[in-house]
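Remember, it's a predicted structure, so these values are computed and weren't measured experimentally.
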Amino acid sequence: PAVQTQLTRFLGDFRHFQVTPSVSLVVNGKVVSPSEYKIKYSSNKNPGVAKVKLTATEVKYVSVCSTTFLILPKKETLKGSVSSYTSAHLSWDKQGSATGYTIMYSTDKTFNTAFQYKYITKPETTNTTFKNLKYNTKYYFKIRAYKTNVGYGKWSKTVKIKTKKNPAPATVKIKSAKKYSKTSIYIKWKAQTARGKSGYYVQYSTNKLFKKNTKTLKIKTTRQNSATITKLKKKKTYYIRVRGYNKHGKGNWSKTMKVKLK
């Protein structure tokens, strides 16, 4: 007689044990009692295509019939933390039987807007770092494993990571600004501590709003906390301000100092 095997579709998580979805045998539109056949599963331990074979124990049925089903990768457990000011480090469980992983991330916790993907194509990889993110911003991440020609596992729980505030220099405090000669001004400010590429910008102008006749002096080290501005015009009033900079950005301008040359 005609035999139809019905297999409950299995697209759930793989948990490192044999997957044995329920099976029903239908002959001529009637469900056969499970006592009249034996079930054997194979290739059902890892994500991929698994098999199930039914062998009849009653002579009135065809002796053997079989079908296949899919096992998707397991649901991942994602962990994450800020690894630097604008970097986020993620880690997850290894799935050797998977083909790789897909990471989805966004500044929108619903992932409806501004989302992007990062693809990990080596299943032995269990961590990655996202660099050059925005300062002081919340990011949301989730991951899922995939198996080529089989499909994706479920998305992990969302991990929220907030990057750090921009560590740009603090506002510079000017200690003094005074006439040095008829055409020069000496200015001194409180030194700032910084590493790497850091220093100060000294800006001066005859316009108190710094919208015209403005020049900028760049000092390439924070160890130097004074400067002499030369080649100025006699009998002019100058406005001066200072701000620090480092590899993360520029600080705010100091209060403006006013010096009149005589």
Is the backbone of Y238 close enough, under 3.5 Å, to the side chain of T206 for a donor and an acceptor to pair up by distance?
-> no
Please check if the side chain of D93 supplies one atom and the backbone of K74 the other of a donor-acceptor pair under 3.5 Å.
-> no
Measure from NZ or CZ of K250 to the centre of the six-membered ring of Y201, then state whether that distance is under 6.0 Å and the direction lies within 45° of the axis.
-> yes
Who passes side chain to side chain contact (heavy atoms under 4.5 Å, CB included) against T20, sequence neighbours left out?
-> Y41, N44
Taking atom types as modelled, is there a side-chain donor on D108 or S106 under 3.5 Å from an acceptor on the other?
-> no
Hey, does the side chain of Q224 reach the backbone of S226 with a donor-acceptor pair shorter than 3.5 angstrom?
-> yes
Evaluate the side-chain proximity of K179 to I185: yes if any heavy-atom separation is below 4.5 Å, no if none is.
-> no
Considering only heavy atoms from C-beta outward, does the side chain of N166 approach that of N136 to under 4.5 Å?
-> no
Cationic tip of K178 above Y186 ring, under 6.0 Å, 45° of axis | no
With rounding to the nearest 0.5 Å, note down the distance linking OH in Y204 to CD1 in I240.
-> 9.5 Å
Quiz item: cation-pi between K147 and Y152, 6.0 Å / 45° = no
Just checking, R243 and Y200: is the charged tip under 6.0 Å from the six-membered ring centre and within 45° of the axis?
-> no
Below 4.5 Å, heavy atoms only, C-beta onward: do I174 and V242 meet side chain to side chain?
-> yes
Inter-residue atom distance T222.OG1 - Q192.CD, 0.5 Å rounding = 8.0 Å
Taking the six-membered ring for Trp, are Y117 and Y119 parallel (under 30°), tilted (30 to 60°) or perpendicular (over 60°)?
-> parallel
Classify the angle between the aromatic ring planes of H248 and Y135 as parallel (below 30°), tilted (30 to 60°) or perpendicular (above 60°).
-> perpendicular
When rounded to the nearest 0.5 angstrom, what distance separates OH in Y37 from CG in L54?
-> 6.0 Å
Do E36 and T57 meet the criterion of a side-chain donor-acceptor pair at a distance under 3.5 Å?
-> no
Kindly compute the distance separating OG1 (T158) from CE (M104), expressed to the nearest 0.5 Å.
-> 9.5 Å
Just by distance, with hydrogens left out, do H89 and S81 show a side-chain donor and acceptor under 3.5 Å apart?
-> no
For the pair T163 (side chain) and K134 (backbone), establish whether a donor and an acceptor sit closer than 3.5 Å, ignoring hydrogens and angles.
-> yes
Measure the shortest side-chain to side-chain distance between I71 and V150 over non-hydrogen atoms and say whether it is less than 4.5 angstrom.
-> no
Could you verify whether a donor N or O on one side chain and an acceptor N or O on the other, from S205 and N207, lie under 3.5 Å apart?
-> no
Sidechain-backbone polar pair: S87 side chain, S84 backbone, donor-acceptor under 3.5 Å | no
Using a side-chain heavy atom cutoff under 4.5 Å and only I, L, V, M, F, W and Y, what cluster partners does L90 have?
-> L78, V82, W92, Y101, I103, Y105, I120, F130, L133, Y139, F141, I143, V159, I161
Give a yes or no answer on whether the side chain of T171 reaches the backbone of S254 with a donor-acceptor pair at less than 3.5 Å.
-> no
Identified side-chain hydrogen bond (donor to acceptor under 3.5 Å, both in side chains) partner of E76 from the options Q95, K94, R144 = Q95
Roughly how far apart are Q18 CD and N46 CG, rounded to 0.5 Å?
-> 10.5 Å
Hey, is the main chain of K212 close enough, under 3.5 Å, to the side chain of T214 for a donor-acceptor pair?
-> yes
May I ask you to establish whether K142 and W155 are in a cation-pi arrangement, using a distance under 6.0 Å from NZ or CZ to the six-membered ring centre and at most 45° from the ring axis?
-> yes
Taking the side chain as every heavy atom from C-beta outward, state whether T102 and Y146 have any pair of such atoms under 4.5 Å apart.
-> yes
4.5 Å side-chain heavy-atom contact, K218 and Y245 | yes
